[in-house]
Amino acid sequence: MDSSLSKGAKDFIDDNRIFESLSQKEDAGKVAEVLAKSMEKKPLTLDETAALLVVKSPRLSDMIFEAARKLKRDVYGNRIVLFAPLYIGNHCVNDCSYCGFRRSLKTTLRRTLGREELINEVKELEREGHKRLILVYGESPEYSPEFIARTVETVYATKEGHGEIRRVNINAAPLDIAGFKTVKAAGIGTYQVFQETYHRESYALYHPARTPKGDYMWRLDAMDRAFEAGCDDMGIGALFGLYDWKFEVMGLVSHALHLQGRFGVGPHTISFPRIQPANGLDLNLAWQVSDEDFKHLVAVLRLAVPYTGLIMTAREKAEVRNEVMQFGVSQIDAGTRLEIGAYHEKGAISDVQKLEKEQFRISDNRTLDDTMRWLIEQKFIPSFCTSCYRVGRTGEHFMEYAIPGFIGKFCTPNALMTLAEYLKDYASPATREAGRKLIAEELAAMPDDHLKRQLEERLADLAENDTRDRLF
């Protein structure tokens, strides 16, 4: 075994067990029992997860969706956390056949943001109202842990008016333990590493063995190394469309159960992007996931891992995001641009250049303000909250709050505060009017207690004295 793996590293994906669980027949009685366990906010076993995945009947499917909808409201309330991806560089030594950044694709325009270019990108995002970013990097020697740490520090240091980035997450290559310690010291939030596919044969098919990403076990063990390095907020994910979607859900749940069993903390987020067109990609894939199956898998993930945030990206078209939001998702991106330098240079990029700079296509092109208004009109609270991370409610502490559902006591007032800041600083008139009405409705629905009075005082202080970033 590679000595750079985590202590006690093991391959926890049991193919035989997964296939055996997925071979079970639909059982209405078992489904009812599993849903009852989910309503108690208890993580599901692999066999219980599979019992929900094999459901085909409309009646039982409706039960799954309704349970997921209720569980999401119980754990996360009606808030939706917003963020934006910021691509730092697309140089890559890997040759993943589904990716527009792959090494062998000669038409891709390669670029890495310099410091001033990064500052310009961040200022543009701040002018739109963003407070949370995820920085994305290809896998290249130039994107070392030290380089990642410097970019994180630059982002945090960049301010524009009332704008500031309060949470920087990372999507980058797996690191060794020393590397994870370096980026942790820079103040990162969540570190994302997606397995892409948990099915070994498919993994080998898409990721050539001669590349760093060709090492299945190095990637599978990444989150374990991160925990050993002191990181306690991890994000996992799979790229749906590379293999059977049911197997991938079971892989994600296996990963979550492994982390919780070994470290006492499951993943902070789970992502489930569907493969989308990319520069030079042949999309003749046998495992593409239909909209109906996509909705099913999101609902099952919500029920199987109740404490984990579910992220749905702008890969999905607006119609799908509108529906899936109701029963599983707790975080989305908005105002997304994937071309490197595109936030600041958006008026100067041609359609051809856009294609040659993107890792993949996005389907939801709404602006941040349009997305805010859409959420508000559906009675969701758009949230830029980062308070839990900054007051220490992370990792195991977050689990203590999130699993029993107490997190809502912190999230609703913090979400309303960040919404009020956005309305004051950045919103269009239509969004501002709709948002103020929603805040009034939320306040009216709150119990008349100390928390409500404190929130009202802080909202008034923001309006009258411009006092902001008050944390609950």
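Quick caveat, the model's predicted, so the values are computed rather than measured.
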Mind running side chain to side chain contact (heavy atoms under 4.5 Å, CB included) on Glu117 and His344 for me, showing each step along the way? CA-CA 8 Å; Glu117 292 173 318; His344 181 64; over 6 Å; no
Is the closest side-chain heavy-atom distance between [X] and [Y] below 4.5 Å?
X: Ile188; Y: Val168; answer: no
X: Leu5; Y: Asp224; answer: no
X: Leu416; Y: Leu438; answer: no
X: Phe101; Y: Arg110; answer: yes
X: Asn94; Y: Pro212; answer: yes

Ignoring hydrogens and geometry beyond distance, is a side-chain donor-acceptor pair present between [X] and [Y] at under 3.5 Å?
X: Thr313; Y: Asp333; value: no
X: Gln378; Y: Gln326; value: yes
X: Tyr426; Y: His162; value: no
X: Thr158; Y: Glu126; value: no
X: Arg167; Y: Thr190; value: yes
X: Tyr307; Y: His268; value: no
X: Thr211; Y: Asp95; value: no

[X] (side chain) donor-acceptor with [Y] (main chain) under 3.5 angstrom:
X: Gln454; Y: Leu451; value: no
X: Thr336; Y: Ala314; value: no
X: Arg166; Y: Arg132; value: no
X: Arg302; Y: Val305; value: yes
X: Lys131; Y: Glu164; value: no
X: Thr197; Y: Leu242; value: no
X: Arg436; Y: Ala420; value: no
X: Arg366; Y: Trp374; value: no
X: Gln195; Y: Leu220; value: yes
X: Glu248; Y: Tyr198; value: yes

Criterion side chain to side chain contact (heavy atoms under 4.5 Å, CB included) on Glu142 and Phe147, from CA distance to verdict: CA-CA 7 Å; Glu142 67 180 282; Phe147 175 85; 5.7 Å; no
Among Arg321, Arg274, Lys295, which one satisfies salt bridge (Lys or Arg N to Asp or Glu O under 4.0 Å) with Glu316? Arg274
Least distance between heavy atoms, [X] atom then [Y] atom:
X: Ile236; Y: Leu252; value: CD1-O, 3.7 Å
X: Thr151; Y: Tyr137; value: OG1-OH, 2.5 Å
X: Met372; Y: Pro382; value: SD-CB, 3.5 Å
X: Cys385; Y: Asn414; value: SG-CB, 3.3 Å

Mutual orientation of the aromatic rings belonging to [X] and [Y] [parallel < 30°, tilted 30-60°, perpendicular > 60°]:
X: Tyr143; Y: His91; answer: tilted
X: His258; Y: Phe263; answer: perpendicular
X: Tyr243; Y: His199; answer: parallel

Should the pair [X]-[Y] be classified as a salt bridge under the 4.0 Å nitrogen-to-oxygen rule?
X: Arg225; Y: Asp221; value: yes
X: Arg432; Y: Asp425; value: no
X: Lys424; Y: Asp466; value: yes
X: Glu124; Y: Arg127; value: yes
X: Glu121; Y: Lys123; value: no

Between [X] and [Y], does the ring centre distance come in under 6.0 Å?
X: Tyr191; Y: Phe180; answer: yes
X: Phe240; Y: Phe272; answer: no
X: His130; Y: Phe83; answer: no

Take atom CD in Glu456; do more than 12 heavy atoms of anything else shown fall under 6.0 Å from it? yes
Excluding sequence neighbours, so at least two apart, what forms side-chain contact (heavy atoms from CB on, under 4.5 Å) with Ser428? Asp369, Arg373, Ala430, Thr431
For a side-chain contact (heavy atoms from CB on, under 4.5 Å) with Ile170, tell me which candidate from Val183, Val152, Ile134, Val193 qualifies. Val152
Let me know which of Leu462, Ile439, Thr418 forms a side-chain contact (heavy atoms from CB on, under 4.5 Å) with Leu423. Ile439
I'd like to know whether Ile119 forms a side chain to side chain contact (heavy atoms under 4.5 Å, CB included) with Thr154, so could you lay out the CA-CA distance, the side-chain angles of the two residues, the decisive distance to 0.1 Å, and finally the verdict. CA-CA 7 Å; Ile119 289 172; Thr154 298; 3.7 Å; yes
I need the single residue from Lys379, Glu442, Lys72 that forms a side chain to side chain donor-acceptor pair (under 3.5 Å) with Asn78. Which is it? Glu442
